[in-house]
There are 2 protein chains.
Amino acid sequence: MEVNRLDFYIGLSLAVGSSAFIGSSFILKKKGLLRLASKGSMRAGQGGHAYLKEWLWWAGLISMGTGEAANFAAYAFAPATLVTPLGALSVLVSAVLSSYFLNERLNVHGKIGCLLCILGSTVMVIHAPQEEEVASLSAMAEKLRDSGFIVFAVCVVGSSLVLIFAVAPRFGQKNVLVYILICSVIGSLSVSCVKGLGIGIKELFAGTAVLKEPLFWSLVICLVICISVQINYLNKALDIFNTSIVTPIYYVFFTTSVMACSAILFKEWLRMNADGIVGTISGFLTIILGIFLLHAFKDITFSCDSLPLYLRKGSHGLQWGQQPYVALPNHDTQAQDELKLPREGNSKGGWGTHQIAP
Amino acid sequence: MEVNRLDFYIGLSLAVGSSAFIGSSFILKKKGLLRLASKGSMRAGQGGHAYLKEWLWWAGLISMGTGEAANFAAYAFAPATLVTPLGALSVLVSAVLSSYFLNERLNVHGKIGCLLCILGSTVMVIHAPQEEEVASLSAMAEKLRDSGFIVFAVCVVGSSLVLIFAVAPRFGQKNVLVYILICSVIGSLSVSCVKGLGIGIKELFAGTAVLKEPLFWSLVICLVICISVQINYLNKALDIFNTSIVTPIYYVFFTTSVMACSAILFKEWLRMNADGIVGTISGFLTIILGIFLLHAFKDITFSCDSLPLYLRKGSHGLQWGQQPYVALPNHDTQAQDELKLPREGNSKGGWGTHQIAP
């Protein structure tokens with residue numbers, strides 16, 4: 001089955017563009033909030049609504065909306081196994097932009113993490129599975145009726161119900177994984193719905209009467225339910241745990257779960273050669289390590305002295321032995337961290353298809 | 001021109017095996033020296049020769065020899081652009097083994113660095129350029145007469161002479177790059193010689209009278225000269241600068257220089273598609289970042305407290321805010337670092353084809 005290369009590149013550009021918009025939206029919103037704070041307005045965290053009058057905040061919201069729309073569209077053109085992992089680029093965009101515009105210093109680990117995200121994404125793009133073309137809603141319906149997918153969907157719904165009603169009440173407040181797992185497994189269904197709807201909308205533009213098909217509306221209803229659940233539990237997770245904890249874990253679980261779902265639904269791995277599979281997995285693991293480095297050492301400032309001497313200017317004549325080092329807490333970053341985004345800023349992960357929190 | 005896949009896999013196995021032997025050899029030698037030290041013998045660094053009676057030290061030497069031989073053979077079967085970067089695996093083997101057998105703790109950065117070396121190597125192997133088959137010494141002679149290669153070789157020799165006679169006397173003791181640059185550019189010629197000799201020896205086994213060809217002996221002489229220069233300047237670099245500074249820089253420069261030489265000599269990149277080139281470069285950069293992480297933060301112990309809370313056992317209920325951390329110098333490692341390998345242990349980089357120092 002021939003793959004439409006043009007569609008692939010359109011999807012790829014949409015996915016990258018989406019990450020750029022979503023990454024910048026965090027910066028725009030935060031910049032707006034910082035400006036308000038310097039004016040002495042009541043802070044969003046304290047219930048103020050002054051941010052509604054700040055154009056920077058609105059620019060951030062629009063940028064976020066554009067990004068999510070582009071992300072939605074990307075799924076209609078390129079495989080989910082490509083689009084979802086590229087969400088990592090929004091972390092990178094927001095990290096790089098915040099070091100320029102918010103003077104939040106990116107330490108060595110952050111820089112290495114960014115590079116790794118780029119390298120991993122590049123490798124994934126090269127090897128992206130060339131999904132079986134699902135050109136119409138009826139083709140999609142056939143895939144959804146596949147027994148493998150039905151078993152998967154039942155497992156997802158069943159395990160989510162167990163997590164929501166049995167595990168979450170007891171362990172949700174203590175273990176960061178519970179809420180994130182709920183969001184992630186449900187997220188795989190959201191992406192399937194988005195994929196189907198994207199194809200439906202493409203058909204609509206081509207003149208097919210998809211609005212009369214019950215499948216189209218079933219997908220809409222299913223998407224709304226899934227995304228509501230995701231928003232709810234992602235907000236709970238963000239309320240209790242630190243963003244820098246939730247983000248990398250959510251990225252890993254959500255992406256893995258989407259890739260599993262996509263593999264079962266589209267059986268794209270069956271048509272990949274061993275090189276492609278190994279390459280995709282290597283790229284994904286590289287991105288995970290990058291995200292880990294970006295977040296795990298965020299609050300440690302490695303001053304110049306903590307680097308090996310050869311990275312410092314004017315070093316010479318070093319003898320065998322150890323390097324001196326200084327590791328200091330990054331007080332500037334902490335001060336800025338105290339100025340949190342308002343709660344509604346956290347719902348961005350809840351749009352369901354783009355999983356990255358700032 | 002069809003590429004012999006079997007040859008490729010033989011070369012790959014030899015390259016990986018070579019790294020395993022070379023990586024373990026450092027551990028065997030150090031273990032032997034530590035055992036001697038505990039017996040109270042005079043230390044190698046102080047001129048003692050008791051290590052000659054320790055079987056572990058000899059095991060290390062034999063392991064090193066086997067590894068270098070396997071590395072030499074690997075060049076006869078697989079492209080240099082594949083074999084050279086895989087040298088990174090010996091760093092990984094020695095890092096992992098020393099945490100088991102020498103109780104040298106590998107910190108988080110070390111572990112991430114190891115993973116990145118593996119991931120980068122995997123990606124490089126997938127995309128390794130499928131070199132034009134050079135099946136005989138006469139084919140090699142033709143390649144060597146190519147004007148592109150002659151220009152490259154003249155540049156290499158010219159710049160080495162400038163570095164050796166003009167730059168090294170003035171800046172060699174101060175700037176770590178000078179000696180390493182000499183070793184690296186000369187190293188690209190060594191690898192070309194090794195490649196030619198490997199093909200010659202393969203022909204010899206097939207019954208061709210290569211020993212009568214002047215090219216064979218020219219390559220031998222050229223190899224001896226190149227390797228002598230490399231041993232000399234690598235030892236100088238290691239005498240003045242710390243191993244953990246020399247190793248990553250040498251890896252990057254040596255590998256880049258070999259890849260440049262191989263590209264000019266075999267024009268392998270011309271036959272690669274864009275994906276292959278991008279993949280190879282991404283893999284190489286991933287390895288470089290891995291090596292950097294393995295070495296740059298070697299002497300900083302990240303205690304458990306320096307990790308984000310979600311990585312610690314029993315963490316729960318964390319509120320928004322910063323993580324506490326403790327970064328302590330790793331005194332154990334420093335103590336062990338003082339027990340240096342005897343100087344002759346440093347000549348291993350000088351074998352010319354396998355560039356990694358411990």
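Order of the sequence lines sets the chain letters (A, B, ...), proteins ahead of strands, with each chain counted from 1. Just the heavy atoms: all of them, side chains too, but no hydrogens, waters or symmetry mates, feed the values below.
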Worksheet item: Any idea which heavy atoms bring A/Ile126 and B/Gly279 closest together, and the distance?
Response: CD1-N, 3.5 Å
Worksheet entry | Check against side chain to side chain contact (heavy atoms under 4.5 Å, CB included), B/Val278 and A/Val125 | CA-CA 10 Å; B/Val278 172; A/Val125 169; over 6 Å; no
Response to the item:
Whatever's closer than 4.5 Å to a heavy atom in chain B on A/Thr122 counts as side chain
Response to the item:
Taken in chain and number order and not counting sequence neighbours, the residues that satisfy side-chain contact (heavy atoms from CB on, under 4.5 Å) with B/Ser121 are B/Leu86, B/Leu89, B/Ile287
Practice prompt. For residues A/Leu293 and B/Leu293, determine if any side-chain heavy atom of one lies less than 4.5 Å from a side-chain heavy atom of the other.
Written response: yes
Worksheet entry | Interatomic spacing from CG in A/Leu119 to CG in B/Leu285 - rounded to 0.5 Å | 5.5 Å
Practice prompt. Return the set of residues passing side-chain contact (heavy atoms from CB on, under 4.5 Å) with B/Leu115 (not counting sequence neighbours), or none when no residue passes.
Written response: A/Leu289
